[in-house]
**Q** 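Sharing a structure with you now.
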Amino acid sequence: MRVVLHAPTADALHRARSNARNLRVRQPDAEILIVVNADGVPAALATRDPDTDLALRLCANTLAARNLDTPANIRTVPAAVESLALLQAEGWTYIRA
């Protein structure tokens with residue numbers, strides 16, 4: 001099972017992190033990504049979560065537009081919209097958190 005959770009807001013990021021934790025309990029072998037853009041990006045930088053930070057993929061477009069730096073231990077994607085489309089084309093299940 002491969003699931004990508006989309007978190008474009010702070011509230012959506014909170015839900016995505018909770019969804020990821022819950023899914024891991026039920027499906028320990030699931031691949032889970034949380035693609036974060038827009039208002040979710042500053043929230044991800046401000047509220048770290050060691051349980052889910054490895055799954056985060058921050059939108060580089062949002063980081064650049066808001067003049068934000070990415071910590072070394074959080075990954076980025078060039079554009080959230082492109083990443084979401086490519087992951088779905090590869091068979092990942094999309095869920096808007």
Side-chain angles (χ1 to χ4, degrees):
M1 175 181 293
R2 298 183 305 169
V3 176
V4 58
L5 300 160
H6 179 202
T9 68
D11 287 342
L13 175 64
H14 178 75
R15 287 189 299 273
R17 285 175 164 164
S18 178
N19 292 160
R21 279 191 221 86
N22 291 338
L23 183 56
R24 279 198 190 117
V25 169
R26 303 276 307 156
Q27 298 288 329
D29 295 328
E31 293 179 66
I32 304 166
L33 294 178
I34 302 172
V35 176
V36 185
N37 67 322
D39 291 336
V41 171
L45 297 175
T47 59
R48 305 301 299 276
D49 178 15
D51 289 339
T52 59
D53 279 355
L54 289 175
L56 292 181
R57 300 297 183 269
L58 302 183
C59 176
N61 283 341
T62 300
L63 289 163
R66 297 181 184 217
N67 295 315
L68 298 171
D69 293 322
T70 309
N73 58 345
I74 295 185
R75 294 173 140 182
T76 63
V77 293
V81 66
E82 175 189 39
S83 295
L84 292 168
L86 290 171
L87 288 166
Q88 288 177 81
E90 293 171 7
W92 287 69
T93 300
Y94 170 88
I95 299 173
R96 168 45 163 91

**Q** Applying side-chain hydrogen bond (donor to acceptor under 3.5 Å, both in side chains) as the test, list every pair that has at least one member in residues 21-37; sequence neighbours left out.
**A** H6-N37, R21-D49
**Q** Distance check, rounded to the nearest 0.5 Å: Q88 atom CD versus T93 atom OG1?
**A** 9.0 Å
**Q** What is the distance from atom CG of L33 to atom CG of L54, rounded to the nearest 0.5 Å?
**A** 11.0 Å
**Q** Are D53 and R75 ion-paired here, with the side-chain N under 4.0 Å from a carboxylate O?
**A** no
**Q** Following the transitive rule for hydrophobic clusters with a side-chain heavy-atom cut-off under 4.5 Å over Ile, Leu, Val, Met, Phe, Trp and Tyr, establish whether L13 and L58 coincide in one cluster.
**A** yes
**Q** Is there a side-chain contact between N73 and R48 (heavy atoms, below 4.5 Å)?
**A** yes
**Q** Hey, could you give me the CG/CD1 distance between L23 and I32, rounded to the nearest 0.5 Å?
**A** 4.0 Å
**Q** Over all heavy atoms of both residues, which pair between T62 and A38 is shortest? Give the atoms and the distance, please.
**A** OG1-N, 3.2 Å
**Q** Are V81 and L86 connected, step by step, through hydrophobic side chains (Ile, Leu, Val, Met, Phe, Trp, Tyr) whose heavy atoms are closer than 4.5 Å?
**A** no
**Q** Could I get the full list of side-chain hydrogen bond (donor to acceptor under 3.5 Å, both in side chains) partners for D51, not counting sequence neighbours?
**A** none
**Q** Do you know which two heavy atoms are closest between C59 and A80, and how far apart they sit?
**A** SG-N, 3.5 Å
**Q** Would I74 end up clustered with I34 when hydrophobic side chains under 4.5 Å apart are linked, directly or stepwise?
**A** yes
**Q** Should V77 and L84 count as side-chain neighbours, where that means a heavy-atom distance under 4.5 Å?
**A** no
**Q** Taking R66 for its side chain and V41 for its backbone only, find out whether a donor-acceptor pair lies under 3.5 Å.
**A** no
**Q** Would L63 end up clustered with V35 when hydrophobic side chains under 4.5 Å apart are linked, directly or stepwise?
**A** no
**Q** If hydrophobic clusters are built by linking Ile, Leu, Val, Met, Phe, Trp and Tyr wherever their side-chain heavy atoms come under 4.5 Å apart, do L87 and I95 end up in the same one?
**A** no
**Q** Taking all non-hydrogen atoms of both residues, which atom of A16 and which atom of A7 are closest, and how far apart?
**A** CB-CB, 4.2 Å
**Q** Donor-acceptor pair, distance only, cut-off 3.5 Å: does the side chain of T52 make one with the backbone of A55?
**A** no
**Q** Does the side chain of L56 reach to within under 4.5 Å of the side chain of R17, using non-hydrogen atoms?
**A** yes
